[in-house]
Amino acid sequence: MRNKKICAMQTKTSLQGSIIDTDYFQDKKNNSVIRLFVKTGKGIEILCDPDFRPYFYVIAESNPEALAKKIRRAEFGESKAKAVSVEKAEKENAENALKLSFRNTSDLVTAREELREAHGIRERREYDLPFAERYLTDRGLIPYALYEFQVREENGFKQIESAKLVSEQGFPLKSIALDIETSQAIGREEFFADPKKDFVIMVSYSDRDSRVITTPKALEKLGFVDVVENEKEMIESTREMLFREKPDVLVTYNGDSFDLPFLKERAHQNGIRFGLGPLDEEPETRRRGLYNASRMRGLQHVDAFQIIKMLSAMDAIKLAKYDLESVYKALFGKEKNKIGHKEILKTWREQKGLEELATYSMEDALATKKICDEYLQFYIELAKTMRINLFEATRTRTGGLVERMLTNRSFELNRLIPNKPNEGEMRERQDYTFQGAYVKEPISGLHERLAVLDFRSFHMSIMASHNMSPETMNCDCCKDSGFVVGNVWFCAKKSGLITGIVKELMEKRAKLRAEMKKHEAGTSRYKALYAQQWVTKILINSIYGYMGFPGARWYSRPLVNALYSLVRQYIKETIAKAEKDGFIAIYSDTDSCFLELPEGKTEKDLEEFAKKINSELPGVMEIEIEGQYKRGLFVTKKQGKEAAKKKYALIDYKDKLKIVGFEYVRRDWARIARDCQRDVIEIVLKEGNPEKAVQIVRERIAELRSGKTKKDDLVIISQLTKKPSEYDSVGPHVSAAKKAIAKGKKLRSGSLIEFIITKRGKSISDRAVIAEDVAEGDYDAEYYIENQLVPAVIRILQELGYSEEDLKQGGRQSGIGKWG
DNA sequence: TAATTCGCTAGACCGA
DNA sequence: TCGGTCTAGCGAA
C-alpha cells in the first residue's frame with residue numbers, strides 16, 4: 001500500500017552540487033547501490049545510482065560464447081550467487097573478454113574466487129578495483145566540481161538520472177580542525193594514552209574562531225573556553241558543535257591514530273556514541289600500510305600529519321621532525337609553544353597552569369587548521385584529477401596516484417588494465433635491479449663563472465618523445481620502422497597510453513604556469529594555479545619510477561631499461577657537445593650539466609649553445625639554463641682522492657647560496673657542525689677569505705671545549721627504521737632509543753630519535769642518550785670536535801690548503817689532550 | 001599495501 | 001688496537 005503511494009508520488013527535480021564522497025550500501029533487494037554525498041547550497045544531499053553494478057572481466061581461453069553460456073548458468077558459493085549479466089566486451093587490448101556483472105559486491109567476490117582457475121578462463125581482469133572508486137572513473141565524474149543533477153525521487157531515494165558539468169570549480173568546502181588533550185588516572189604514567197583507562201581533558205577546535213571545551217570552572221574567564229561538567233558533556237558538546245557547523249572536512253593532526261579513535265572509545269566508556277557527518281556514523285579506524293586511517297562516510301577526515309608525511313615523501317617540503325610545532329615553524333616561520341606529555345599530566349593533576357594548557361590546546365587546533373588551509377587547494381586539485389575523494393587524496397602514495405591515473409586513462413581508451421603481480425612475480429621483480437642514471441665525477445676545487453643546464457622533466461620527456469609505453473613496445477607494425485633502443489623498439493604509428501598522458505600533462509603544466517604568471521603571488525587564484533601545476537609536476541615525475549616498481553600493474557622491465565639507457569645517452573651526448581663547443585664540463589648528475597665558461601665565452605654563447613642543443617632534440621625534450629653562478633665549490637671524498645659526487649655549493653651573482661648534499665643539509669648532523677659548515681662555505685664563496693673561515697672554526701672549537709654549547713646545537717636526529725631488537729648493527733640512535741625504552745618511553749619503528757653524545761660510556765653508541773634525558777652542558781666535547789665539527793669543514797678548507805692541525809691550533813687549551 | 005637508482009659517510013663489527 | 005667490511009641512514013636527481 002505504502003509503497004504504491006510513494007511510487008505514485010514519483011517526482012523529478014534538478015539540483016546543483018559537488019560530489020564530496022562516494023560509497024555504496026546494500027538495498028532491500030540485496031543490490032549494492034552507489035551513493036553520492038553531494039554538497040549543495042543547502043547542505044549535503046544523498047543521491048543514489050542504482051543502475052551501476054559491480055563487475056569484472058574474464059578472458060576466455062578460446063570460445064567466449066560457450067564460456068558466457070556456462071557462466072550465465074553458474075551458481076557461485078554457498079550463497080548460490082549468480083552473475084546478473086555476462087556480456088562480450090570489445091576491448092582495445094584484449095580478445096575474448098567477457099564482462100561479468102553482479103547484484104552486489106559480495107557476490108562478485110565469491111564468483112571471482114571461484115573463477116580464479118576455472119576451466120576455459122585464461123585470466124580474470126579488473127577484479128580488485130573498489131566499487132565506489134571505479135564509479136567515478138566509469139561515469140567520468142569529477143569530484144568537488146559543480147554539476148547539475150537531474151534527480152528522480154522514488155521510494156524515498158533520490159536517484160540520479162543525469163549529471164551535467166557546470167563548472168570545474170565546486171562549492172567551497174568548509175573545514176574544522178579538532179584536537180584533544182588527554183590525561184591519565186593517578187598511578188598511570190604510560191607514554192601513550194589508553195582510551196580504556198585514560199580520559200579527555202580538553203577538546204579544541206578551530207573554524208573561523210578557535211575554542212576549547214573543558215571542565216575546570218576556573219577557565220570560564222578565558223574568552224575562548226566553554227566549560228562543561230564532565231568528559232561526557234565534553235564529547236557531546238563537540239558533537240553538537242559539529243552537527244551545528246556541518247563541516248565537509250574534519251582536520252586533525254594524527255587523528256587517524258589518536259584523536260578520533262580515542263574520542264570514539266571515550267564516548268563508549270561514557271555510554272554514548274561518537275557519530276559524525278551526514279550519516280551520524282562513528283569514525284572507523286583501519287590499518288592502512290604502516291599507519292592507521294580513520295574515516296566517516298560523507299565527512300572527509302583530513303589528517304594533516306599524513307599530508308606532511310606525503311609532501312615530505314614527494315620532496316615538496318623538507319623537515320627534520322614531524323611534530324606539530326616543528327611543522328608549524330617550518331611552514332609559517334613562527335614558534336609555537338609546546339607543552340610535553342609529562343607537563344600536561346602534572347598541570348592537570350595539580351590544576352596549576354591550566355590557562356597555559358588551554359591556550360596551548362587552542363593553538364594546536366589553530367595550527368592544524370592553518371596547515372590544512374595551506375594545502376587543501378592542492379589536494380582538491382589532486383582529488384579532481386584522480387577522481388578520488390579528499391580522504392584518499394591525502395593518503396594515497398605516489399604509486400597509487402600513478403596507478404589511478406593510468407586506470408582512468410585506460411577506461412577512457414577502452415583498454416583493460418593489467419593485473420597486480422602475484423607473490424612469485426613480485427619476488428622475481430624484487431630480485432632485479434635496474435642500472436640507473438649517469439653521474440659524472442666532478443673536478444674538485446673552486447670554480448668561477450658556472451652555468452647549470454638541465455633537462456625539463458628529463459625521463460618523461462624522453463618517453464613521450466619516443467612514444468615509449470608498454471603497449472607500443474615491440475609492436476607488430478613497426479618491426480623495421482620503430483624507434484630502436486638496444487633490443488627493443490617502439491611504435492612509430494600509434495601513440496601510446498603513457499605518451500598521451502605525459503604530453504597532456506606537460507602541456508597542461510606549461511599552460512598553468514603561463515596563466516599563473518598573470519596573477520599576483522599570494523592571491524587565491526595564483527595559489528590554485530600553483531597547486532594545479534604542482535600536482536601535474538609530481539605526477540609527471542612519478543610515472544617512470546612507478547614502472548620500475550615491483551608492485552606496479554604497469555611494470556615493464558624492458559621499457560625501464562630502454563629508458564635508463566637513453567637517460568644516460570642523452571646527458572653524455574650533451575656533455576660531449578658542450579666540451580666540443582669550448583665549455584668545461586665540471587659535473588653532471590642525471591639530467592643536469594655544470595659548465596664553466598672559460599675566458600672569452602659569454603652568456604650569449606651559452607644561450608646559443610642551449611638553443612643549438614634544443615634544435616637537435618626530438619619531440620618535447622628541452623634543455624634549459626637553470627642558473628648562472630659566479631663561483632662554485634666541489635670537494636674531495638673523505639676516502640681516496642676522487643671528488644665527491646652529489647655534494648656542491650654555488651653562489652649566484654646576487655650572492656645567493658645554494659648548498660647541496662653537504663652535511664649542512666643533513667639532519668643526522670649536529671647543528672653546531674652544520675651551521676659552522678655553512679659559515680665556512682659562505683665566507684669561502686662570498687669573500688674568498690679562508691683565514692676568516694679558519695678563525696670561525698677555531699672559535700667554535702673553543703666554545704665546545706668550554707662546555708657552554710647549548711643542547712639544541714648538539715642534537716643529532718636519526719630515524720628508527722625497524723624495531724630496536726631487529727638491528728644487526730646497533731648504532732648510536734638505536735642505542736639511545738633502547739635506553740629510553742628501558743626507562744619507559746614508547747618508541748617504535750618510524751620514530752625519530754634525537755640524541756646527544758655524552759661522556760659516559762665506551763663506544764659512541766654507549767655514550768648516546770636521548771636529548772630529553774640530557775642536561776645542558778652534559779656532552780662529549782671531543783666527540784663533537786673530532787666527529788662532527790672538524791669533518792664537516794676540513795675538506796672544504798683542505799681545498800684551500802689548510803690542514804686539520806691548523807684548525808685546532810689556538811683552539812686548544814693547555815692540559816686537555818686529544819684523548820683526555 | 002607499495003615510485004626509482006646513485007652516492008657519501010658514520011660507526012659497528014670482526015678477525016688478525 | 002688496527003683496518004677492512006658491512007649495516008644503516010640520508011640526500012640528489
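The sequence lines fix the lettering, A, B, ..., with proteins before strands; numbering per chain opens at 1.
- Remark: P of B:dA10 and CD1 of A:I794 are 13 Å apart, rounded to the nearest angstrom.
- Within a heavy-atom distance below 4.0 Å of DNA chain B, the residues of residues 754-771 of chain A found are A:S763, A:I764, A:S765.
- The phosphate of C:dC6 (OP1 or OP2) has no side-chain N or O of A:S729 nearer than 4.0 angstrom.
- One side chain, A:E626 or A:Y629, offers a donor N or O that lies under 3.5 Å from an acceptor on the other.
- The side chain of A:S718 lies closest to C:dC10 when the candidates are B:dT1, C:dA13, C:dC10.
- Among the nucleotides C:dT7, B:dG7, B:dA10, the one closest to any side-chain atom of A:K646 is B:dG7.
- Phosphate proximity of B:dA10 to A:K638: present, with a side-chain N or O under 4.0 Å from OP1 or OP2.
- You'll find the ring centres of A:Y544 and A:Y546 outside the 6.0 Å limit.
- Side chain of A:P791, nearest nucleotide from B:dA10, B:dT5, C:dC10: B:dA10.
- Each of A:R409, A:R387, A:R404 was scored for a side chain to side chain donor-acceptor pair (under 3.5 Å) with A:T137, with one residue passing: A:R404.
- Between A:K722 and the phosphate of C:dT7, there is no side-chain N or O to OP1/OP2 separation shorter than 4.0 Å.
- Judged by distance alone, the side chain of A:T394 and the main-chain N or O of A:V302 form no donor-acceptor pair under 3.5 Å.
- Of all non-hydrogen atoms in A:L747 and A:I753, the two that sit nearest each other are CD1-CD1, 3.9 Å.
- Among the nucleotides C:dG9, B:dT9, B:dG11, the one closest to any side-chain atom of A:Q719 is C:dG9.
- Residues A:Y648 and A:F594 place their aromatic rings such that the two centres sit under 6.0 Å apart.
- Of the listed nucleotides (C:dT7, B:dG11, B:dC6), B:dG11 has the atom at the smallest distance from the side chain of A:Y783.
- For A:P732, the listed nucleotide lying nearest its side chain is B:dG11; candidates were B:dA10, B:dG11, B:dT4.
- A:N787 has its CG atom 10 Å from the P atom of B:dA12, to the nearest Å.
- Taking atom CG of residue A:N561 and atom C1' of nucleotide B:dT4, one finds them 12 Å apart after rounding to whole Å.
- Using a 4.0 Å cut-off, no side-chain N or O of A:Q639 falls inside it from OP1 or OP2 of B:dC8.
- Distance from the side chain of A:W669 is smallest for B:dA10 among the nucleotides B:dA10, C:dG11, B:dA2.
- Taking the six-membered ring for Trp and the full ring otherwise, A:F549 and A:Y555 have centroids separated by 6.0 Å or more.
- Counting non-hydrogen atoms under 4.0 angstrom, A:Y664 reaches nothing in the nucleic acid.
- Using a 4.0 Å heavy-atom cutoff across all strands shown, A:G551 reaches no nucleic acid atom at all.
- In the set B:dC13, B:dT5, B:dC6, the nucleotide with an atom closest to the side chain of A:Q435 is B:dC6.
- Look at CE on A:M386: it is 13 Å from C1' on B:dA3, rounded to the nearest Å.
- In this model, the phosphate group of B:dT9 is approached by a side-chain N or O of A:K647 to a distance below 4.0 Å at OP1 or OP2.
- When the side-chain nitrogen and oxygen atoms of A:T590 are compared with OP1 and OP2 of C:dA13, none of them lie within a distance under 4.0 Å.
- A:R667 comes within contact range of the sugar-phosphate backbone alone, with a heavy-atom separation under 4.0 Å but no base atom that close.
- Side-chain nitrogen and oxygen atoms of A:H733 include none within less than 4.0 Å of the OP1 or OP2 phosphate oxygen of C:dA8.
- At distances below 3.5 Å, not a single donor-acceptor pair connects side-chain atoms of A:S457 with backbone N or O atoms of A:M460.
- Rounded to an integer number of Å, the gap from A:R397 CZ to B:dT4 P is 14 Å.
- Contact annotation for A:Y727: backbone-only contact, meaning every heavy-atom pair under 4.0 Å involves sugar-phosphate atoms and none involves a base.
- At a threshold of 4.0 angstrom between heavy atoms, the contacts of A:S592 with the nucleic acid are absent.
- Here the P atom of nucleotide B:dT1 and the CE atom of A:M310 are 16 Å apart, to the nearest Å.
- Listed in residue order, the members of residues 496-503 of chain A having a heavy atom less than 4.0 Å from DNA chain B come to none.
- In the set C:dT7, B:dC6, B:dT1, B:dC6 carries the atom at the smallest distance from any side-chain atom of A:V439.
- The aromatic rings of A:H459 and A:Y564 sit perpendicular, their planes meeting at an angle over 60°, well past the 30° parallel limit.
- Identified under the salt bridge (charged side-chain N to carboxylate O under 4.0 Å, His left out) test for residues 631-646 of chain A, with sequence neighbours left out: A:E448-A:R631, A:D589-A:K646, A:K637-A:E642.
- One N or O on the side chain of A:S294 and one on the backbone of A:D256 form a donor-acceptor pair closer than 3.5 Å.
- Of the candidate nucleotides C:dC10, C:dA13, C:dA8, C:dC10 has the atom lying nearest to any side-chain atom of A:R666.
- Between A:D780 and the options A:R767, A:K762, A:R760, a salt bridge (charged side-chain N to carboxylate O under 4.0 Å, His left out) holds for only A:R767.
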